[in-house]
There are 2 protein chains.
Amino acid sequence: MFVNSCILNDAYRMFFGTLANESRLIIVNTLRKKPLNVSEICEMTGFEQSMVSHNLKTLEYHGMVFVEKKGKYRYYKVNEKTIQPLLKLIDDHMKEYCCKIAKGER
Amino acid sequence: MFVNSCILNDAYRMFFGTLANESRLIIVNTLRKKPLNVSEICEMTGFEQSMVSHNLKTLEYHGMVFVEKKGKYRYYKVNEKTIQPLLKLIDDHMKEYCCKIAKGER
DNA sequence: TATATATATGATGTGCGATTCATATGTTTG
DNA sequence: CAAACATATGAATCGCACATCATATATATA
């Protein structure tokens, strides 16, 4: 029981940790609009290719994005079922409790 | 516009970063049951007092917990409005996409 | 099959956040 | 007002996650 809750906490920690990164947040937000392959993500974000691949791997491992092979391209899309509504919820939280942060104040 | 989205991404990063920590997750989960003062949190978690205070400060800054002074005690409670349903959403995500992580597999 | 293109993977140095220790501040009670 | 209790804060060390660079793998096309 205690062991299980530790493992569970760790899963949560990793889940949040996955989104606690500016690059990955930008990538996810880019993918929210439509599925893109790696090169397209690089173009749109200005990020380097290997960095994007590393981060996509993390996102995929945590079920936040899915990948689909098309020829030599790999198209990534965001998990519509859970991540999209989750981000929506956090939008609301932000507006109400983190406005000073969202505005860049400290 | 681009500046704003950067700041917004940063707010999101900090939000997730706040929960991407085992100690804080344990503290939040402890508080989900009922409001507690710092000493009580220390007792229940086995954590050191200063560590708990540091982490509570972070949690409070991000609107995840609220504090109420009662004499020499400070009672902390979790944000029922946003954090509670958010954790519920993530429960669902975990069950479906992170079962291997939740089970401790790699 | 050789070359180009697309993507993934491995190794490494580094900055940042977390814990810990020490101490300060605030509050109550004798 | 002094002593005890409750909590906050500052400083410092340390581990880990991230970006980067170099390279490997996979696929397409000439």
Side-chain angles (χ1 to χ4, degrees), chain A residues 6 9-31 35-62 64-78 98 101 106, chain B residues 6-7 9-31 35-62 64-77 98 101 106:
Chain A
C6 280
N9 273 321
D10 207 48
Y12 273 74
R13 184 186 58 75
M14 286 191 284
F15 175 88
F16 288 117
T18 301
L19 291 175
N21 175 277
E22 186 128 25
S23 310
R24 284 193 288 270
L25 281 171
I26 291 174
I27 291 172
V28 166
N29 277 323
T30 306
L31 291 178
L36 297 169
N37 64 48
V38 179
S39 304
E40 288 169 332
I41 297 172
C42 290
E43 272 177 45
M44 299 194 64
T45 58
F47 294 155
E48 191 206 4
Q49 180 268 316
S50 71
M51 186 259 244
V52 170
S53 280
H54 277 299
N55 284 325
L56 283 171
K57 191 182 180 183
T58 303
L59 288 168
E60 192 195 358
Y61 179 71
H62 289 89
M64 294 173 186
V65 303
F66 303 128
V67 65
E68 190 180 350
K69 282 181 73 172
K70 275 185 188 169
K72 61 176 173 176
Y73 302 100
R74 305 190 95 218
Y75 280 83
Y76 285 87
K77 64 176 172 187
V78 77
C98 297
I101 304 170
R106 297 296 136 93
Chain B
C6 281
I7 289 169
N9 273 321
D10 207 47
Y12 273 74
R13 184 186 58 75
M14 287 190 284
F15 175 89
F16 289 116
T18 300
L19 292 176
N21 174 277
E22 187 128 25
S23 309
R24 285 194 289 270
L25 281 171
I26 290 173
I27 291 171
V28 166
N29 276 323
T30 306
L31 290 177
L36 297 169
N37 64 48
V38 180
S39 304
E40 289 170 331
I41 298 172
C42 290
E43 273 177 43
M44 298 194 64
T45 59
F47 294 156
E48 192 204 4
Q49 181 268 317
S50 72
M51 187 258 243
V52 170
S53 280
H54 278 299
N55 284 326
L56 283 171
K57 190 181 181 184
T58 304
L59 288 168
E60 190 194 359
Y61 179 71
H62 289 89
M64 295 172 187
V65 303
F66 302 129
V67 65
E68 189 180 350
K69 280 180 73 172
K70 277 186 186 167
K72 61 177 172 177
Y73 302 100
R74 305 190 96 219
Y75 279 84
Y76 285 88
K77 64 177 173 185
C98 297
I101 303 168
R106 297 297 135 91

According to side-chain hydrogen bond (donor to acceptor under 3.5 Å, both in side chains), who are the partners of [X], at least two apart in sequence or on a separate chain?
X: B:Asn21; value: none
X: B:Glu48; value: none
X: B:Ser50; value: none
X: A:Thr30; value: none

Which whole-number value in Å describes the distance from [X] [atom1] to [N] [atom2]?
X: A:Phe47; N: C:dT7; atom1: CZ; atom2: P; value: 17 Å
X: B:Glu68; N: C:dT27; atom1: CD; atom2: C1'; value: 17 Å
X: B:Leu56; N: C:dT19; atom1: CG; atom2: P; value: 12 Å
X: A:Leu19; N: D:dA17; atom1: CG; atom2: C1'; value: 15 Å
X: B:Leu59; N: C:dA18; atom1: CG; atom2: P; value: 10 Å
X: B:Phe16; N: D:dA17; atom1: CZ; atom2: C1'; value: 18 Å
X: B:Arg13; N: D:dA17; atom1: CZ; atom2: P; value: 15 Å

For DNA chain C, determine which residues of residues 35-46 of chain A have any heavy atom closer than 4.0 angstrom to one of its atoms, and list them numerically.
A:Asn37, A:Val38, A:Ser39

Shorter than 3.5 Å, N or O on both sides, protein versus nucleotides 19-22 of chain D: list them out with atom names.
{"residue": "D:dA19", "atom": "OP1", "partner": "A:Ser23", "partner atom": "OG", "Å": "2.4"}
{"residue": "D:dA19", "atom": "OP2", "partner": "A:Asn55", "partner atom": "ND2", "Å": "3.4"}
{"residue": "D:dC21", "atom": "N4", "partner": "A:Ser50", "partner atom": "OG", "Å": "3.0"}

Work out which heavy atom in B:Asn9 is nearest to a heavy atom in A:Leu25; give both atom names and the distance.
O-CD1, 3.4 Å

Contact summary for A:Ile41 and A:Val52, nearest pair of heavy atoms
CG2-CG1, 3.8 Å

Want to settle it: does B:Tyr73 or A:Thr58 sit nearer the 5' end of DNA chain D, counting the closest nucleotide to each?
B:Tyr73

pair_partner(C:dT9), Watson-Crick or wobble, both distances < 3.5 Å, evaluates to D:dA22

Residue list, side-chain contact (heavy atoms from CB on, under 4.5 Å) with B:Thr18, at least two apart or on another chain:
B:Arg24, B:Thr58, B:Leu59, B:His62, B:Met64

What pairs with B:Gln49 under side-chain contact (heavy atoms from CB on, under 4.5 Å), at least two apart in sequence or on another chain?
B:Val38, B:Cys42, B:Ser53

Donor-acceptor contacts under 3.5 Å from residues 66-77 of chain B side chains, at least two apart:
{"residue": "B:Arg74", "atom": "NH1", "partner": "B:Tyr76", "partner atom": "OH", "Å": "3.3"}
{"residue": "B:Tyr75", "atom": "OH", "partner": "B:Asn37", "partner atom": "ND2", "Å": "3.2"}

Expected rows: protein N/O vs nucleotides 26-30 of chain D N/O, under 3.5 Å:
{"residue": "D:dT27", "atom": "OP1", "partner": "A:Lys69", "partner atom": "NZ", "Å": "2.7"}

Give the C-alpha distance, both sets of side-chain angles, the deciding distance and a yes or no for side chain to side chain contact (heavy atoms under 4.5 Å, CB included) between B:Ile27 and B:Phe47.
CA-CA 9 Å; B:Ile27 291 171; B:Phe47 294 156; 4.3 Å; yes

Euclidean distance, A:Glu60 CD relative to A:Lys57 NZ, rounded to 0.5 Å:
9.5 Å

May I ask you to evaluate whether B:Arg74 reaches the phosphate of D:dA6, defined as a side-chain N or O under 4.0 Å from OP1 or OP2?
no

Give A:Tyr76 one of three labels, base, sugar-phosphate or nothing, depending on what nucleic acid heavy atoms sit under 4.0 Å from its own.
sugar-phosphate

